[in-house]
There are 2 protein chains.
Amino acid sequence: MDDHRDDVGAGRDGRPARPARLKDVAELAGVSLKTVTNVVHERRHVKAETRARVKAAIAELGYTPSLVGRQLQSGRSNIVALAVPRIDEPYLGALAHAMIMAGERHGYTVFTDETGRSDDHELRAAAGYPGNSIDGVIYSPLAVDPRRLADMSRFTPMVLLGEHLSEGAADYVAIDNEQSAKDVVQHLADGGRRRIAYVGSNPARSSSVGQLRFQGFRAAVNDLDLETRDDWLLRCDRYTRETGAAMAEQLLPQIGEIDALVCASDLLAIGAIRTFIAHHVRVPDDVAVIGWDNIVDGRYLSPSLSSVATDLDLLADRTFEALISRIQGNRDPAAVYTVPHELIIRESSRPPTG
Amino acid sequence: MDDHRDDVGAGRDGRPARPARLKDVAELAGVSLKTVTNVVHERRHVKAETRARVKAAIAELGYTPSLVGRQLQSGRSNIVALAVPRIDEPYLGALAHAMIMAGERHGYTVFTDETGRSDDHELRAAAGYPGNSIDGVIYSPLAVDPRRLADMSRFTPMVLLGEHLSEGAADYVAIDNEQSAKDVVQHLADGGRRRIAYVGSNPARSSSVGQLRFQGFRAAVNDLDLETRDDWLLRCDRYTRETGAAMAEQLLPQIGEIDALVCASDLLAIGAIRTFIAHHVRVPDDVAVIGWDNIVDGRYLSPSLSSVATDLDLLADRTFEALISRIQGNRDPAAVYTVPHELIIRESSRPPTG
DNA sequence: GTTAGAATTTCTAACGTTAGAAGTGATGCT
DNA sequence: AGCATCACTTCTAACGTTAGAAATTCTAAC
């Protein structure tokens with residue numbers, strides 16, 4: 001009788017005017033709050049008859065537990081944030097999709113956030129979204145200083161993707177980038193390619209995937225006695241189609257010398273192929289092109305794009321295993337989890353005809 | 001002295017062992033809770049000296065208000081859900097990006113959810129994510145029965161995108177689909193195309209964008225005295241690359257008769273072009289192809305893809321305006337908001353050379 | 001020096017959930 | 001009959017925030 005709000009489930013169309021609370025259920029069923037939670041959580045020590053009555057009341061009121069109340073009480077939200085630079089990049093979209101599915105398997109809701117708008121957003125993600133009661137962060141950093149990140153992440157369960165931070169700031173999940181680059185070069189050599197260019201290195205960021213892949217590339221080129229030259233190695237920060245197109249522009253004078261181009265991402269490769277075709281450079285006959293990420297668009301390109309594929313579902317599962325372990329208090333030193341990769345050969349890197 | 005937790009900001013490395021609460025700030029500053037909130041909310045009636053002391057305490061403890069606490073108290077979360085079938089579809093990724101940016105402009109956090117996994121997920125979105133304290137839903141439905149949706153959405157602020165529900169279940173924001181199709185046909189006619197096929201109609205779902213666009217298509221074909229035939233009109237549910245490829249397969253026998261293909265989405269168009277090229281059908285010389293959505297990939301395709309572009313930023317802003325008005329209690333009948341579209345002409349629909 | 005009124009601050013209940021502690025009966029054993 | 005044990009249920013404080021009401025202090029005018 002101390003409740004002034006009396007219109008639960010009383011809409012004249014039979015729908016509640018406001019969501020029912022635990023208290024409403026308790027009153028309708030004529031039991032205490034605790035008994036209702038006991039029923040909701042399927043606990044013992046509730047008489048069958050009481051249980052039935054409570055369940056009926058729950059059904060009648062259409063009661064759904066308020067996650068906010070729970071969260072406040074438990075300190076846990078079962079929400080993790082996936083922080084990526086831009087959600088409209090194909091690879092990151094596919095990653096988000098895989099993470100959402102994996103989150104579901106592991107009992108977590110994945111809240112995808114974009115950090116690419118500003119450094120502030122990146123730092124906010126790195127700090128674990130203070131105030132938002134995020135249980136953990138899956139983070140694909142772009143520009144944040146690794147040192148700073150290591151500092152901030154100490155108190156936020158976090159798993160890193162994409163860029164490798166040598167300081168071991170947090171758990172890291174990725175393919176073996178160097179080895180995948182070696183596989184790429186081996187494949188090109190198998191197809192008779194000898195003089196290979198590379199787009200996407202960046203010595204200034206030695207831990208970037210582009211640089212890791214470049215190291216594998218260079219090692220394989222040496223091991224297999226292939227040729228590369230400094231002016232065939234183009235560095236860039238952003239792995240976009242635009243950049244790829246611009247880089248290919250720079251390579252046009254070398255066409256005829258080079259017979260293959262390795263791009264640190266499919267987007268770079270797509271941009272490069274676009275430029276090549278526009279200048280009547282034939283792919284793969286004049287130049288083989290290959291990238292990383294196996295984005296769907298590559299399959300529908302003409303020529304279709306060869307690429308290094310990550311098993312995203314596996315990557316997402318590993319990520320959640322690591323993250324959940326951290327959420328549950330694991331304080332071991334940061335670990336690196338490697339997931340397998342696979343070379344998907346399509347038209348763009350087939351051996352030249354004739 | 002009734003607080004048993006005494007390790008706020010007491011980590012021996014100078015970082016808090018747990019997040020600071022309002023109460024911690026109040027104690028450190030030697031004032032009451034209300035005074036601290038008054039400072040946090042920049043309210044009057046706080047002495048300058050007190051304000052300074054509180055601010056110092058906030059800074060020292062690194063206090064950030066708990067959004068959960070706020071949400072419980074206010075019933076508002078300032079979070080809206082964007083429910084799309086799949087986040088890894090290029091158009092939906094671009095839409096999500098635009099919505100996240102617009103949300104920021106309007107003071108909302110956008111939580112992107114995928115509903116494509118099951119009907120349950122769609123219904124959950126339609127019901128406003130019960131228990132999650134979502135303030136509103138931006139919803140791009142795929143399969144939910146409009147009738148049911150109308151029923152559920154009555155109590156959840158909601159804006160619909162994509163599919164048009166004639167029942168007026170909720171506010172709807174989109175381009176003028178019929179007019180855009182007429183513009184497409186006009187453009188093809190201007191380029192000398194006369195016999196035009198269409199992929200993406202679906203009479204079973206008369207309110208689907210594919211069907212709306214088809215209606216505009218047919219009207220324009222009649223008005224401009226162009227030709228189309230029943231076996232040039234292919235219906236489909238899913239606007240994917242795969243479907244587009246399959247539909248184009250069906251059209252191969254008609255090549256030579258038709259000189260243009262209108263696809264209800266860019267993905268369909270991309271799939272179709274892939275099939276055409278694989279079968280040495282020249283685009284645009286043999287067949288012009290054009291789609292909707294202006295996804296970035298279309299620009300890098302060869303031939304680059306002509307498309308109907310929506311101004312996504314404008315669409316997102318309109319969406320938020322409508323949604324916020326609903327959140328604030330607007331009970332007017334559901335409205336339709338139309339945003340402008342633009343025809344982006346690229347290579348795939350250029351007039352045949354020679 | 002009083003006092004009305006304003007300025008500033010504190011007190012307290014509430015948001016919806018949870019779970020430990022405490023309470024009530026009923027049963028079975030001696 | 002007395003008592004411990006068990007099944008079941010209720011009571012209550014707590015999570016972090018907010019804001020109306022109440023209390024206190026200050027200011028200025030008489």
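Just so it is clear: chains get the letters A, B, ... in the order the sequence lines come, proteins before strands, and each one is counted from 1.
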Can a side chain N or O of B:His41 be found less than 4.0 Å away from OP1 or OP2 on D:dT18?
yes
Would you mind reading off the distance between A:Arg53 atom CZ and D:dT10 atom P, rounded to a whole angstrom?
9 Å
With a 4.5 Å limit on heavy-atom distance, are the side chains of A:Val39 and A:Lys55 in contact?
yes
Can any side-chain N or O of A:Asn78 pair as donor or acceptor with the backbone N or O of A:Gly107 at less than 3.5 Å?
yes
Nearest-Å distance for atom pair NE2/P, residues A:His45 and D:dC6:
10 Å
Nearest whole Å is fine: how far is C:dT12 P from B:Gln73 CD?
17 Å
Measure the distance from NZ on A:Lys23 to P on C:dA14 and round it to the nearest whole Å.
8 Å
Output yes when a side-chain donor or acceptor of A:Asp135 lies under 3.5 Å from a complementary backbone atom of A:Val80, and no otherwise.
no
Distance test, side-chain N/O of A:Arg21 to OP1/OP2 of C:dG16, below 4.0 Å
yes
Taking only side-chain nitrogens and oxygens of B:Arg43, does any of them come within less than 4.0 Å of OP1 or OP2 of C:dT8?
no
What's the angle between the local helix axes at either end of the helix from C:dG1-D:dC30 to C:dT30-D:dA1, using five pairs per end and rounding to 10 degrees?
70°
Rounded to the nearest angstrom, tell me the gap between atom CZ in B:Arg44 and atom C1' in C:dA6.
12 Å
Would you kindly compare A:Gly69 and B:Ser32 by the position of their nearest DNA chain C nucleotide and give the one closer to the 5′ end?
B:Ser32
Name the closest nucleotide to the A:Leu33 side chain, picking from C:dC15, D:dT18, C:dT17.
C:dT17
Using a heavy-atom cut-off of under 4.0 Å over every strand shown, decide if A:Val68 touches base, sugar-phosphate, or nothing.
nothing
Sugar-phosphate only, base, or nothing, as touched by A:Lys34 at under 4.0 Å among non-hydrogen atoms
base
Is there a side-chain contact between B:Thr35 and the phosphate of C:dT10, meaning an N or O under 4.0 Å from OP1 or OP2?
yes
Ignoring hydrogens, what is the shortest heavy-atom contact between A:Thr37 and A:Lys34? Give both atom names and the distance.
OG1-O, 3.0 Å
Can you see if the side chain of A:Ser66 gets near the phosphate of C:dG16 - specifically, an N or O under 4.0 Å from OP1 or OP2?
no
So what does A:Thr50 hit on the nucleic acid, given a heavy-atom distance under 4.0 Å: a base, only sugar-phosphate, or nothing?
sugar-phosphate
Using a heavy-atom cut-off of under 4.0 Å over every strand shown, decide if B:Arg51 touches base, sugar-phosphate, or nothing.
nothing
Can you see which heavy atom on A:Arg105 is nearest to which on A:Asp313, and at what distance?
NH2-O, 3.9 Å
Donor-acceptor under 3.5 Å (A:Tyr108 side chain, A:Ile100 main chain)
no
If I take atom CG in residue B:Asp24 and atom P in nucleotide D:dG16, what distance separates them, rounded to the nearest angstrom?
8 Å
Measuring only between side-chain heavy atoms, which start at C-beta, is A:His97 closer than 4.5 Å to B:Glu89?
no
Without decimals, in angstroms, what is the distance between B:Leu72 CG and C:dT17 P?
9 Å
Between B:Leu67 and B:Lys47, which is nearer to the 5' end of DNA chain D once each is assigned its nearest nucleotide?
B:Leu67
A:Glu49 CD to C:dA26 P, in whole Å, measures 14 Å
Taking A:Arg76 for the side chain and A:Arg70 for the main chain, is one N or O donor matched with an acceptor at less than 3.5 Å?
no
